[in-house]
Every structure is written in C-alpha cells, then in structure tokens.
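Please read the structure below before turning to the comments.
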Amino acid sequence: MKQAFELAPLAVFGAVYFLADIYAATGALMVAVAAQVMFYKLRKWPITGQMWLVFWLAMVIGTATLLLRSPVFIQWKPTIVGWIMGIALIGSRFVANGDFIERHLGGAMKLSKAGWRDFTWIWAIGFILFGCVNLYVASEFSEQTWVTYRLASAVAIPVILVLASAGWLSLRGEFAEPEEEARNVAEPPG
C-alpha cells in the first residue's frame with residue numbers, strides 16, 4: 001500500500017494536468033505531497049529522506065513555477081531528485097563504512113561486498129542517467145509529451161533498475177547457491 005501511495009502525488013499531477021494545465025497540476029502536486037506527508041505523520045509511518053526531498057523540491061520548485069509562470073522549473077524537479085539520489089548513493093559508498101542500499105536491503109538479499117557495490121553503482125548511475133533523459137524529453141518534446149513521459153517513467157524507472165541489477169548480479173553469480181550448500185541439497189545424508 002505504501003509504495004502505491006508514494007506515487008499518488010504524481011498521479012494527481014497527471015490527472016489535473018490532463019483536465020486543466022501545468023499550473024493547476026503543479027498546485028495540485030504541492031497539495032498532494034503536503035497531504036502525503038501529513039498522512040504519514042498521522043499514521044506514524046516513517047518519512048524517508050527521499051520523501052522529504054520530494055516534498056521540499058515540490059514546494060520550492062512548484063512555487064517558482066507558479067510565481068514565474070514557467071513550466072521549466074517543475075520539469076527540472078525529476079532531474080534534481082534523480083541527481084541528488086544518484087550522488088547520495090555514490091556518496092554512501094564512501095561515508096559511514098558501507099552504503100545506503102546495503103543497510104536498507106541487507107536483510108532481504110544476500111550479496112557479496114562486490115555485489116552490493118555493483119548494485120549501488122547501477123542504481124546511482126541509473127538515477128543520474130534518467131535525470132538526463134528527463135531534461136532531454138523536457139527540452140526537445142512538447143509539454144504534454146513530457147507529462148506523459150514523467151508519468152510512465154515513475155513506474156518504468158524502478159522496474160528498469162531492478163531488471164538491470166538482477167541481470168548484472170546474475171551474470172556475476174551473486175544469486176547462485178554456494179557450492180557447499182548446493183552439494184548438501186544434491187546429496188542426501190546417509
């Protein structure tokens with residue numbers, strides 16, 4: 001439920017855009033992210049750093065978009081979020097003796113140190129690359145095309161990064177069973 005709820009402000013943005021315009025959609029996005037943070041606080045759910053980043057950027061960039069009547073600001077928001085997240089992931093490799101992804105997913109997946117390093121680099125480079133693609137789409141295509149891209153990419157980016165990570169880590173043998181465990185499974189005792 002939480003994952004779907006995290007996409008709700010973007011869904012509101014898209015719906016309002018197609019019913020009205022970019023400025024109404026930007027205002028709706030600002031209200032939706034504020035409501036999202038309030039909802040999380042009321043439910044006593046933890047508010048992640050990513051959610052705070054999205055909240056503050058939506059408020060600041062949304063205000064600039066509305067006051068200056070220029071969609072360029074709101075079109076830059078996904079790029080800024082992606083670049084900050086990518087840089088933060090890279091920085092996490094060098095700070096605090098580990099990395100962010102390993103600390104948060106270490107209980108769900110067993111990877112070697114090299115596997116966690118690769119996993120982090122794939123996601124970091126992916127976020128930075130998708131930030132660049134967002135700028136390209138925003139500058140080279142119509143506003144409506146950019147909004148459609150933005151809505152589709154919100155779902156596609158995590159899927160692409162999961163598939164890229166799984167494919168790379170599988171090629172490196174990160175998901176293979178250790179030899180001893182595989183041998184014990186293959187040879188029954190006695």
Non-neighbouring partners of S142 that pass side chain to side chain donor-acceptor pair (under 3.5 Å), sequence neighbours left out: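 For S142, the residues satisfying side chain to side chain donor-acceptor pair (under 3.5 Å) (neighbours in sequence not counted) are T145.
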
Is there a side-chain contact (heavy atoms from CB on, under 4.5 Å) between M109 and F119? Walk through the geometry before answering. CA-CA 11 Å; M109 291 190 318; F119 191 91; 3.7 Å; yes

What are the two closest non-hydrogen atoms of [X] and [Y], and how far apart are they?
| X | Y | answer |
| --- | --- | --- |
| G131 | T79 | O-OG1, 2.7 Å |
| A124 | I90 | CB-CG1, 3.5 Å |
| E174 | S112 | OE2-OG, 2.6 Å |

Could you pull out all donor-acceptor pairs under 3.5 Å where a side-chain atom in residues 158-166 meets a protein atom, sequence neighbours excluded?
unit_1	atom_1	unit_2	atom_2	d
S165	OG	W123	NE1	2.8
S165	OG	L161	O	2.7

Could you tell me if the side chain of E6 sits less than 4.5 Å from the side chain of Y40, heavy atoms only?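 With C-beta onward as the side chain, the pair touches.
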
Spell out, yes or no, whether [X] and [Y] are grouped together once hydrophobic residues are joined by side-chain heavy atoms under 4.5 Å, including indirect joins.
| X | Y | answer |
| --- | --- | --- |
| L129 | I80 | no |
| W83 | F130 | yes |
| V31 | I61 | no |

Quick test of your reading: applying salt bridge (Lys or Arg N to Asp or Glu O under 4.0 Å), list the pairs with at least one residue in residues 148-173, sequence neighbours left out, ordered by first then second residue.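 Matches after skipping sequence neighbours: D118-R172.
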
Assess the pair W146 and F141: is the distance between their ring centroids shorter than 6.0 Å?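 Between F141 and W146, which both carry aromatic rings, the centre distance is not below 6.0 Å.
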
Evaluate T63 against M30 for side-chain contact (heavy atoms from CB on, under 4.5 Å), listing each step before the verdict. CA-CA 9 Å; T63 299; M30 294 168 69; 3.5 Å; yes

According to the interplanar angle, ranging from 0 to 90°, do the rings of F39 and F5 count as parallel (below 30°), tilted (30 to 60°) or perpendicular (above 60°)?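 Rings of F39 and F5: tilted, 30 to 60°.
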
Would you list the atom pairs, donor with acceptor, under 3.5 Å between side chains in residues 67-76 and any protein atom, with sequence neighbours excluded?
unit_1	atom_1	unit_2	atom_2	d
S70	OG	V72	N	3.4

With no hydrogens and no angle check, is any side-chain donor or acceptor of S153 less than 3.5 Å from a backbone partner on A156?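 No; zero donor-acceptor contacts below 3.5 Å.
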
Could you pull out every donor-acceptor pair under 3.5 Å between side chains of residues 46-59 and any protein atom, sequence neighbours left out?
unit_1	atom_1	unit_2	atom_2	d
T48	OG1	M51	N	3.0

Distance-only donor-acceptor hits, side chain of residues 10-22, under 3.5 Å, sequence neighbours excluded:
unit_1	atom_1	unit_2	atom_2	d
Y17	OH	E143	OE2	3.1
Y17	OH	Q144	N	3.3
D21	OD1	Y23	N	3.1
D21	OD1	A24	N	2.8

Would you give the length of the straight line joining atom CG of L29 to atom NZ of K77, rounded to the nearest 0.5 angstrom?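 So the gap between those two atoms works out to 5.5 Å.
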
Check the pair I87, F127 against side-chain contact (heavy atoms from CB on, under 4.5 Å), reporting the backbone distance first and the verdict last. CA-CA 9 Å; I87 291 167; F127 282 133; over 6 Å; no

